[in-house]
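Read through the structure below, which is laid out as structure tokens, and then see the notes.
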Number of protein chains: 2
Amino acid sequence: MPRNAFYAQSGGVTAVINASAAGVIETARKYTKQIGKVYAGRNGIIGALTEDLIDTSRESPAAIRALLHTPGGAFGSARYKFKGHDERGREYERLVEVFKAHDIGYFFYNGGNDSADTCLKVSQISQTLGYPITAVHVPKTVDNDLPITDCCPGFGSVAKYVATSMMEAVLDVESMAKTSTKVFILEVMGRHAGWITAATGLASRKAGEGPHILLFPEIPWNEDAFLARVAETVKQHGYCAVGASEGLQDKDGKFLSESGLKDAFGHAQLGGVAPMLANLVQSKLKLKQHWAVADYLQRAARHIASKTDLEQSYAVGKAAVEMAAKGMSGVMPTIVRTSSKPYRWKIGVAKLADVANVEKKMPRDFITPDGFHITTKCRNYLLPLIAGEAFPPFENGLPKYVRLKNLAVRKKTHSDFKL
Amino acid sequence: MPRNAFYAQSGGVTAVINASAAGVIETARKYTKQIGKVYAGRNGIIGALTEDLIDTSRESPAAIRALLHTPGGAFGSARYKFKGHDERGREYERLVEVFKAHDIGYFFYNGGNDSADTCLKVSQISQTLGYPITAVHVPKTVDNDLPITDCCPGFGSVAKYVATSMMEAVLDVESMAKTSTKVFILEVMGRHAGWITAATGLASRKAGEGPHILLFPEIPWNEDAFLARVAETVKQHGYCAVGASEGLQDKDGKFLSESGLKDAFGHAQLGGVAPMLANLVQSKLKLKQHWAVADYLQRAARHIASKTDLEQSYAVGKAAVEMAAKGMSGVMPTIVRTSSKPYRWKIGVAKLADVANVEKKMPRDFITPDGFHITTKCRNYLLPLIAGEAFPPFENGLPKYVRLKNLAVRKKTHSDFKL
């Protein structure tokens, strides 16, 4: 007898996380012997805890296909940290209650580091709570900081967006610098890992082309070195373009832009490195500056998604179902690079115990010795990930994104759960 | 005997100002009887004053064609305010000296309000300084604030960018709002006119879809009304998305984000409305917020340019040459809308005396009575301007933008000019 599947999106969404959803749903629809319906959690894992399930079988094939070109989380995502510290916690007991009520035998969790840990614990429910379930993690994070996998679905698209945006802004600043802005700073995401910052560096293909300075979270902030380099660059090239990580920190690990606020995971809420740097440039160097903070624009920019990233995002969703159908649990499909030139990749597999809560930062040899740019090695790693365009359809001048019906599954547990 | 032409870009560049340059150059190349070479000013009018001229005849037809898909100012632009207050000032005398040396009989000035005034004065040189010259202004401004013309080349593309970006960010925020960000603010350009802010409103097509609140420079800032509307929107829809103009000002006309700095024209340098509003939301409403400042990204985003805007930008460049060839001077080609549904437009003509230094703000009936959104009338005005896509070619994952050779014309005046 086929058992139903549960799929949820977790953490920050991306331009292509819905492609993974489509990969899961379309593939599950083919495994009719093993898998019944795919229920999605409304607002991620919260949908499971509150028994707010979405019946994806009521969405047309065309609507599911349209997820391939729609950014954001089609079913809603969540930043929710389980209060129970182990797999016997009250959240896990509640999951068993809801899953039992809806005969859910497969758990697909689409997220980053935190959710890999949750998915691992769900895979252990079979032992700890005696409820048989197959749990597979579907990797997703714009931060590109999951271990083992060569890259993370979601990253290639944000990389393409920031590289393109930086290239365009550089052409703008370069053409105005004689009488106007001399220093331009683009702040990008990446709390602890500088992968997105590195991608802004792809805009500089020749000596002298901006961005001239990249500020990585992996390299401790040094005000004097930064200002000296800015002044020197403006003198030499007439302007200076900077790609800066939101997670820039001093040598003691203190974020420059810490607002004092924490998110649901207890992580510091960041934002505002660019204006801080711009003020510094203005006050210390007396150079006219402009700054941009891309924020959610970068991770939602489906209109300039990477075709490679889109294909990989779909592939990990598809592979997750195939693995689950084979009875593999507590695992995650990975991207394995088999060749860089020409770029070739295949799907591999990682144990979640090796993935959960591990952050992959930029290797030191991806950053130039002076700490201010990327090396050729890094460039060769990054370039294939932004390759190819996959423009969404447009209608009346705007992308034609889908909003699903998201019809609820009738509740069965008759009990509430307090989040 | 044909006389040479001078072309210069002025003020803030756009995603499609180079399409106007291509329109001028390609058309001039056809008027061999009237027009010799087209010299471009390196860094705009500064290139004329310092006799730093670029010989565009040394660029291949393919390179000029590539300007159609390249953002920024291909020859460099300038923010430079003439010190002389009338057309007898020292700058105008210097222009005559340089133009005479290079037999320049045509002056094409590609800019906004300020440059229309300069172009008008150049057209008067024939009388005031006795140097025969035909001067035609080529309209360009992302702000869409030139009078007479139905719209301004450059605006449609920034409008398409901000509407697309807002639509994407809204899908992101909407999907995370249950447990994360409740209020998202996107700051866009538009110092005194809310056209770009209005364009962010195009992302909201149905009741309840963000953006829910637009903050126009035309509507005096009211903190209480704003906060009340944010709180109400979050209660009703779970999140609130805001499009805010950098030029937001209080009832006394004071900019909220004034940094105390002035640009070369004496205009206040703005920036930072979004973080200011976000702080307010956080402190007064205790709602989690995120904010983005698009800054130069919006006006350089050739990758998501409007096809309509691109065609109009080329057309005004072409028309300027045709007008000049007919002996028309002191004029500017305009966009005349002959029909909205279906959208049809043609080229018209305006006298520069009617254009110079006049700012066209949003009509009050384009803004809803409560001041927080756009009306259907505004939507009908805006939608045709963002219609159609005109993606640039891509290579290795990034747009393939051109950098011209920009070879200098040999100097002839043997005299310097102090800017």
Side-chain angles (χ1 to χ4, degrees), chain A residues 9 12-13 15 43 46 70-74 76-80 160 163-165 167-169 171-176 178-180 184 186 202-203 261 263-264 271-272 275 282 290-297 299-304 306 383 386-389 391 394 396-399 401, chain B residues 9 12-13 15 43 46 70-74 76-80 160 163-165 167-169 171-176 178-180 184 186 202-203 261 263-264 271-272 275 282 290-297 299-304 306 383 386-389 391 394 396-399 401:
Chain A
Q9 302 179 320
V13 293
N43 302 311
I46 291 199
T70 301
S77 185
R79 290 197 187 281
Y80 180 78
K160 190 182 185 89
T164 299
S165 298
M167 182 186 284
E168 292 175 333
L171 282 170
D172 184 310
V173 177
E174 194 180 271
S175 62
M176 303 281 302
K178 179 82 180 175
T179 54
S180 186
F184 172 72
L186 171 61
L202 293 174
L261 300 165
D263 73 8
Q282 184 82 50
H290 255 250
W291 51 270
V293 176
D295 196 59
Y296 291 156
L297 270 51
R299 73 177 197 197
R302 179 60 187 83
H303 74 272
I304 183 81
S306 152
L383 273 174
I386 66 166
E389 292 67 59
F391 301 115
F394 279 75
N396 297 324
L398 290 172
Y401 295 139
Chain B
Q9 304 179 320
V13 293
N43 302 311
I46 291 201
T70 300
S77 185
R79 290 196 187 282
Y80 180 78
K160 189 182 185 88
T164 299
S165 298
M167 182 187 284
E168 292 175 332
L171 281 171
D172 184 310
V173 177
E174 193 180 272
S175 61
M176 303 282 304
K178 180 81 180 176
T179 54
S180 186
F184 172 73
L186 172 60
L202 292 175
L261 300 166
D263 72 9
Q282 183 82 51
H290 254 248
W291 51 271
V293 176
D295 195 58
Y296 291 154
L297 270 51
R299 74 178 196 196
R302 178 62 187 81
H303 74 271
I304 184 84
S306 152
L383 272 175
I386 66 165
E389 291 68 55
F391 302 114
F394 280 73
N396 297 325
L398 291 171
Y401 296 139

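Just so we're on the same page: letters track the sequence lines, and every chain starts at 1.
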Problem set entry | Contacting region of Met167(B) [heavy-atom separation from chain A under 4.5 Å] | side chain
For this session: Can you tell which part of Glu174(B) gets under 4.5 Å to a heavy atom of chain A, answering side chain, backbone, both or neither?
Result: side chain
If you compare all heavy atoms of [X] against all heavy atoms of [Y], which two are closest, and at what distance to 0.1 Å?
X: Ala292(A); Y: Ala294(B); value: CB-O, 3.8 Å
X: Asn396(B); Y: Ile386(A); value: O-CD1, 4.0 Å
X: Arg79(A); Y: Thr179(B); value: N-OG1, 2.7 Å
X: Pro275(B); Y: Trp291(A); value: CG-CH2, 4.2 Å
X: Ala300(B); Y: Ala169(A); value: CB-N, 4.1 Å

Exercise. Which value, rounded to the nearest 0.5 Å, describes the distance between Arg299(A) atom CZ and Asp172(B) atom CG?
Worked result: 4.0 Å
Exercise. With chain A, which of Gly72(B), Ser77(B), Ala74(B) has the greatest number of heavy-atom pairs at distances under 4.5 Å?
Worked result: Ser77(B)
So do [Y] and [X] actually touch side chain to side chain, heavy atoms under 4.5 Å?
X: Tyr296(B); Y: Leu186(A); value: no
X: Val13(A); Y: Leu171(B); value: no
X: Phe391(A); Y: Glu389(B); value: no

Problem set entry | Which residues share a salt bridge (charged side-chain N to carboxylate O under 4.0 Å, His left out) with Arg302(A), sequence neighbours left out | none
Exercise. If only atom types and distance count, is the side chain of Ser175(A) paired as donor or acceptor with the main-chain N or O of Gly73(B) below 3.5 Å?
Worked result: yes
Exercise. Looking at Leu383(A), Leu297(A), Thr70(A), which one has more heavy-atom pairs under 4.5 Å with chain B than the rest?
Worked result: Leu297(A)
Exercise. What pairs with Thr164(B) under side-chain contact (heavy atoms from CB on, under 4.5 Å), at least two apart in sequence or on another chain?
Worked result: His303(A), Leu398(A), Pro399(A), Lys160(B), Glu168(B), Ile304(B)
For this session: Let me know if Ser180(A) has heavy atoms under 4.5 Å from chain B in its side chain, its backbone, both or neither.
Result: side chain
